[in-house]
Amino acid sequence: MSRLAGMRVLGCAAAVSVATVASSFSAGLAHADEAGYLDQLSRHGYEVTAPSGEYLLGSGHAMCQQLQSGHSPEDVARHWTYPNASYQNLLDMARAAQANLCG
């Protein structure tokens with residue numbers, strides 16, 4: 001193998017390594033954001049279990065779509081539903097989503 005070809009192989013290997021590390025870091029960061037969201041909801045009285053956590057995460061990510069399209073947390077809370085949740089509960093959920101899940 002020529003020296004130039006060897007350098008290209010090393011360059012490609014380095015790029016793959018950097019991409020893998022960046023991807024792992026991003027995945028960990030996203031997981032930490034979801035954990036922070038659920039933690040914040042738990043502090044506001046939500047019961048976070050495995051099944052409810054998945055539903056809360058789904059709602060939070062869906063709220064992000066509304067928040068990112070220009071709606072305020074108050075507006076999202078007024079138009080959202082969650083079993084047995086008051087307006088204040090929904091506002092807490094929208095604010096937690098905005099702080100932890102929305103990019």
Evaluate the side-chain contact (heavy atoms from CB on, under 4.5 Å) criterion for residues H71 and Q65: first the C-alpha distance (whole Å), next the side-chain angles of each, then the deciding distance (0.1 Å), finally the verdict. CA-CA 9 Å; H71 297 279; Q65 292 176 346; over 6 Å; no
Which atom names give the shortest non-hydrogen contact between Q68 and G103, and what distance separates them? NE2-N, 3.2 Å
Enter the distance from R95:CZ to Q88:CD here, rounded to the nearest 0.5 Å. 6.5 Å
At their closest point, which heavy atom of P73 faces which heavy atom of A94, and how far apart are they? O-CB, 3.8 Å
Return the minimal non-hydrogen interatomic distance between A77 and L90, and the atom names on each side. O-CD1, 3.5 Å
Heavy-atom pair of closest approach, residues A97 and C64: O-SG, 3.9 Å
Check L67 against S72 and note the closest heavy-atom contact, atom names and distance. CD2-C, 3.8 Å
Any sub-3.5 Å donor-acceptor pair from S52's side-chain atoms to E47's backbone N or O? yes
Who are the side-chain hydrogen bond (donor to acceptor under 3.5 Å, both in side chains) partners of T81, not counting sequence neighbours? none
Start with the C-alpha distance between E34 and H61, add both sets of side-chain angles, then the distance that settles side-chain contact (heavy atoms from CB on, under 4.5 Å), and finish with yes or no. CA-CA 9 Å; E34 289 181 346; H61 284 293; 2.9 Å; yes
Just by modelled atom types, is the Q40 backbone N or O under 3.5 Å from a matching donor or acceptor in the Y46 side chain? no
Under 3.5 Å donor-acceptor, N100 side chain and A96 backbone: yes
Yes or no on side-chain contact (heavy atoms from CB on, under 4.5 Å) for D39 and R43, after CA distance, side-chain angles and deciding distance? CA-CA 6 Å; D39 209 35; R43 288 191 308 272; 3.2 Å; yes
Linking I/L/V/M/F/W/Y whenever their side-chain heavy atoms sit closer than 4.5 Å, directly or via other members, would L91 and L56 fall into one cluster? no
4.5 Å side-chain heavy-atom contact, N89 and H44: no
Quick one: CG on L38 to CG on L101, what's the gap to the nearest 0.5 Å? 8.0 Å
Report the residues that fulfil ring-ring contact (aromatic ring centres under 6.0 Å, His included) with Y55, sequence neighbours left out, ordered by chain and then residue number. Y82
Tell me the closest heavy-atom pair linking S59 and W80, and the distance in Å. O-CZ2, 3.7 Å
Salt bridge (charged side-chain N to carboxylate O under 4.0 Å, His left out) pairs, two or more places apart, involving residues 54-70: none
